[in-house]
Amino acid sequence: MRTIKELLNNPVVGSHVAVQGWVRTRRDSGSLSFVEISDGSCLANLQVVAEESLANYDEDVKSLTTGCAVKVVGELVASPAKGQAVELKADQLQVIGLADADSYPLQKKRHSLEFLRTISHLRSRTNALGAVTRVRSTLNFGIHQFFQENGFFQVQTPVITTSDCEGAGEMFTVTALEPDQLKKDGAFADDFFHKRAGLTVSGQLQAEIFALSHSRVYTFGPTFRAENSNTSRHLAEFWMLEPEMAFCDLQCNMQLAEAMIKDLVGRVLEECAPDLDLFNKFISKGLLNRLETIKNKPFVHLSYTDAVKELEKADKQFEFPVKWGIDLQAEHERYLCEEVAGVPVIVTNYPKTIKPFYMRLDDGEETVAAMDILVPGIGELVGGSQREERYDLLKARMEEAGLDLEEYGWYLDLRRYGTVPHSGFGLGFERLVQLITGMQNIRDVIPFPRTPGNAPC
RNA sequence: UCCUUGGUAGCUCAGCUGGUAGAGCAGGUGGCUGUUAACCACCUUGUCGGGGGUUCGAGUCCCUCCCAAGGAGCCA
């Protein structure tokens, strides 16, 4: 049994092969029936030519409709018609599973992405969502390749955690208690972990532990936010990549992030060319050019202070006026990378008042060694920083933030014993898939999107 | 959560200033042709998102709830 991808990439005319897949469309022509089948291995379908002489032609072949599963045995021949180089001349065609045409929701026509979202169990059978699946898998593997090639170790940080990474949003509570037990004060003392636990909002703090023993590590896994966000770039469950590097300052952190993004874009351009062509044509015009730009042009670096100056002199009315000290709004971010730079922009050294406690204080003590990478169409793809490695300064900032120093004693210990400058960042994997496929809604780049009020299976 | 726009056939949509619904595609039947968004002819399909109200009469106006999309906030 061969995949359609193998057959089409390396066609051996005259070879006898067997394939299995699902019918995308069927067309009759005189004594022939053309059946296009897909097995998901690649974007292209394989055209099967079934002749009237097949024993089950009237009974089975003529009743095939979109969605039916079939096995075909036959000879790979050069195609006499335009549209495909080779086709499979069927000796046998066996129906494996029928799909009732009256009720099967997918038709041989374009469907809206909104409609496909309502049938998440079937949408991966379409061209666009099928292509997303392949690109996502390629990116996932590419991430591991990139880090392994660069001396990183993967660390599996916990999904259930009792430390909420301050500033990273609302946590889902994990409990073994019954709903009525939760009502009383101090209920979590009797809970499974004897204190309040939740689903991780970030693996960063735990990744820092391993950066300070293995120097270069990364964590990559599901992350959860119980925020009531209803946007095209937020999910309640998403995958986050978080590298953490010892002996690495903000510069080194930014270099790694940029090199990694360029490397991943390059891998997908190489390995998923047909899928990217589809996105370029039907999903996001100009995508391939934008990806080439991201891969080949250096990102623009801008300090927060310079970004504010840039925005202040902008010949444009912003809904939210710009002033040093405010957080950049989506409209500001968009202006910076879409109209000023035209490439991803790395904004650095934000005011300390708008960033979390663990970011390293800059010399003037007004800003921190933070960096956000903003990309056109999406906004913040990466958020990272050099971490505060100086015990006294970190402790002071934790106190300011109102954190329980006992709870975070282990985090302070990392600064008491062999502390070193270290840095890291978080990258939203689905946003990366959005960037690379041009898909506008984050719900279309994850197999099973979890959003407020939506978790069907 | 807030703002805006929507919810009409399986899908994508039309339906003017209120008079109980239509197209294309899909599906079915027949025909034709190495077809490829196949083509031609004929046929089927609707609690007009739910509930309430105004009116002789509501897909159309009002209220309310639900859902979706786009934008905002939160962030990755």
Side-chain angles (χ1 to χ4, degrees), chain A residues 24-36 44-52 62-63 65-67 77-84 87 89 99-119 126-127 165 167-170 200-204 220 222-242 257 282 319-320 327-334 354-356 372-375 378-384 425-435 440-446 451-454:
Chain A
R24 282 302 185 79
T25 147
R26 183 175 61 86
R27 296 174 293 272
D28 292 330
S29 182
S31 61
L32 301 172
S33 195
F34 297 95
V35 189
E36 284 198 35
N45 298 325
L46 177 67
Q47 174 163 288
V48 170
V49 180
E51 295 184 345
E52 209 171 26
K62 296 278 270 187
S63 66
T65 52
T66 304
V77 298
S79 179
K82 280 185 185 161
Q84 58 284 313
E87 60 192 24
K89 185 172 172 298
D100 174 45
D102 280 337
S103 59
Y104 188 62
L106 294 174
Q107 304 167 357
K108 51 180 184 183
K109 63 169 229 164
R110 302 263 297 269
H111 288 288
S112 68
L113 294 167
E114 289 87 342
F115 169 67
L116 294 175
R117 245 168 258 154
T118 67
I119 47 167
T126 62
N127 284 341
C165 193
E170 287 298 310
T200 183
V201 293
S202 165
Q204 178 202 317
F220 182 31
T223 309
F224 308 86
R225 303 279 165 88
E227 297 286 347
N228 191 8
S229 306
N230 290 291
T231 79
S232 57
R233 53 205 173 319
H234 290 88
L235 292 165
E237 175 180 315
F238 64 100
W239 281 62
M240 185 153 67
L241 168 69
E242 294 173 287
F282 299 115
E319 193 187 336
F320 296 90
D327 208 351
L328 297 181
Q329 304 290 318
E331 56 173 345
H332 306 141
E333 296 182 348
R334 230 180 298 123
I354 57 173
K355 288 292 182 186
D372 283 359
I373 303 184
L374 312 176
V375 296
I378 290 163
E380 190 179 339
L381 174 68
V382 164
F425 63 84
L427 173 141
F429 184 56
E430 283 73 21
R431 290 187 182 174
L432 179 67
V433 181
Q434 279 189 278
L435 178 72
Q440 297 205 327
N441 195 310
I442 201 165
R443 297 167 192 209
D444 298 327
V445 297
I446 187 168
T451 52
N454 206 327

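Quick caveat: nothing in here was measured; it's all calculated off a predicted structure. Chain A is the first sequence line, chain B the second, and so forth, proteins listed ahead of strands; every chain is numbered from 1.
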Please list, pair by pair, any protein nitrogen or oxygen found under 3.5 Å from a nitrogen or oxygen in nucleotides 39-44 of chain B.
none

Determine the interatomic distance between C1' on B:G59 and the same-named atom on B:G15; round to the nearest Å. 8 Å
Partners of A:F220 by ring pair (Phe, Tyr, Trp, His ring centres under 6.0 Å), sequence neighbours excluded? A:H144, A:W239, A:F429
With rounding to the closest Å, how many angstrom separate the C1' atoms on B:U54 and B:G18? 12 Å
Rounded to whole Å, please give me the gap between CZ in A:R233 and C1' in B:C74. 10 Å
Just N and O in the side chain of A:S112: are any of them under 4.0 Å from OP1 or OP2 of B:U12? yes
Can you tell me how far P of B:C3 sits from CD of A:E319, to the nearest Å? 14 Å
Would you mind classifying the nucleic acid contact of A:L106 as base, sugar-phosphate or nothing, using non-hydrogen atoms under 4.0 angstrom? nothing
Among B:G71, B:C75, B:G73, which nucleotide has an atom closest to any side-chain atom of A:E380? B:C75
Got a sec, which residues hit side-chain hydrogen bond (donor to acceptor under 3.5 Å, both in side chains) with A:Q434, two or more places apart in sequence or on another chain? none
Same-atom distance (C1') from B:G30 to B:A14, integer angstrom: 31 Å
Who pairs with A:E237 by side-chain hydrogen bond (donor to acceptor under 3.5 Å, both in side chains), at least two apart in sequence or on another chain? none
Partners passing side-chain hydrogen bond (donor to acceptor under 3.5 Å, both in side chains) against A:R26 (at least two apart in sequence or in another chain): A:D28, A:S33
Sorted by chain and residue number, the side-chain contact (heavy atoms from CB on, under 4.5 Å) partners of A:T451 (sequence neighbours excluded) come out as A:L235, A:R443, A:N454
Those residues that, when tested against A:H234, pass ring pair (Phe, Tyr, Trp, His ring centres under 6.0 Å) (two or more places apart): none
Round to a whole Å and report the spacing from CZ of A:R334 to P of B:G73. 8 Å
Roughly how many Å apart are B:C16 and B:A21, using the C1' atom of each and rounding to a whole number? 15 Å
All salt bridge (Lys or Arg N to Asp or Glu O under 4.0 Å) counterparts of A:R117, not counting sequence neighbours: A:D444
Check nucleotides 64-69 of chain B against the protein and report each pair of N or O atoms closer than 3.5 Å, with its distance, or say if there are none.
unit_1: B:A69; atom_1: OP1; unit_2: A:R117; atom_2: NH1; d: 2.5

Could you list, one pair per line, each protein nitrogen or oxygen that sits under 3.5 Å from a nitrogen or oxygen of nucleotides 27-35 of chain B, together with the distance?
unit_1: B:G27; atom_1: O2'; unit_2: A:D102; atom_2: OD1; d: 2.6
unit_1: B:U33; atom_1: O4; unit_2: A:D28; atom_2: O; d: 3.2
unit_1: B:U33; atom_1: O4; unit_2: A:G30; atom_2: N; d: 2.9
unit_1: B:G34; atom_1: N1; unit_2: A:E87; atom_2: OE2; d: 2.6
unit_1: B:G34; atom_1: N2; unit_2: A:Q47; atom_2: NE2; d: 3.3
unit_1: B:G34; atom_1: N2; unit_2: A:E87; atom_2: OE1; d: 2.4
unit_1: B:G34; atom_1: N2; unit_2: A:E87; atom_2: OE2; d: 3.0
unit_1: B:U35; atom_1: O2'; unit_2: A:R27; atom_2: NE; d: 3.2
unit_1: B:U35; atom_1: O2; unit_2: A:R27; atom_2: NE; d: 2.9
unit_1: B:U35; atom_1: O2; unit_2: A:R27; atom_2: NH2; d: 3.1
unit_1: B:U35; atom_1: N3; unit_2: A:Q47; atom_2: OE1; d: 3.1
unit_1: B:U35; atom_1: N3; unit_2: A:Q47; atom_2: NE2; d: 3.1
unit_1: B:U35; atom_1: O4; unit_2: A:Q47; atom_2: NE2; d: 2.8
unit_1: B:U35; atom_1: O4; unit_2: A:Q84; atom_2: NE2; d: 2.9

Residues forming a side-chain hydrogen bond (donor to acceptor under 3.5 Å, both in side chains) with A:E36, sequence neighbours excluded: A:R27, A:N45
base_contact_polar (B:G73 base, A:Q329 side chain, donor-acceptor, <3.5 Å): no
Just jot down the ring pair (Phe, Tyr, Trp, His ring centres under 6.0 Å) partners of A:F282, sequence neighbours excluded, or say none. none
By nearest atom, which of the nucleotides B:U12, B:A76, B:U1 is closest to the A:F115 side chain? B:U12
Considering residues, nucleotides and ligands other than A:Q329, do more than 12 of their heavy atoms fall under 6.0 Å from its CD? yes
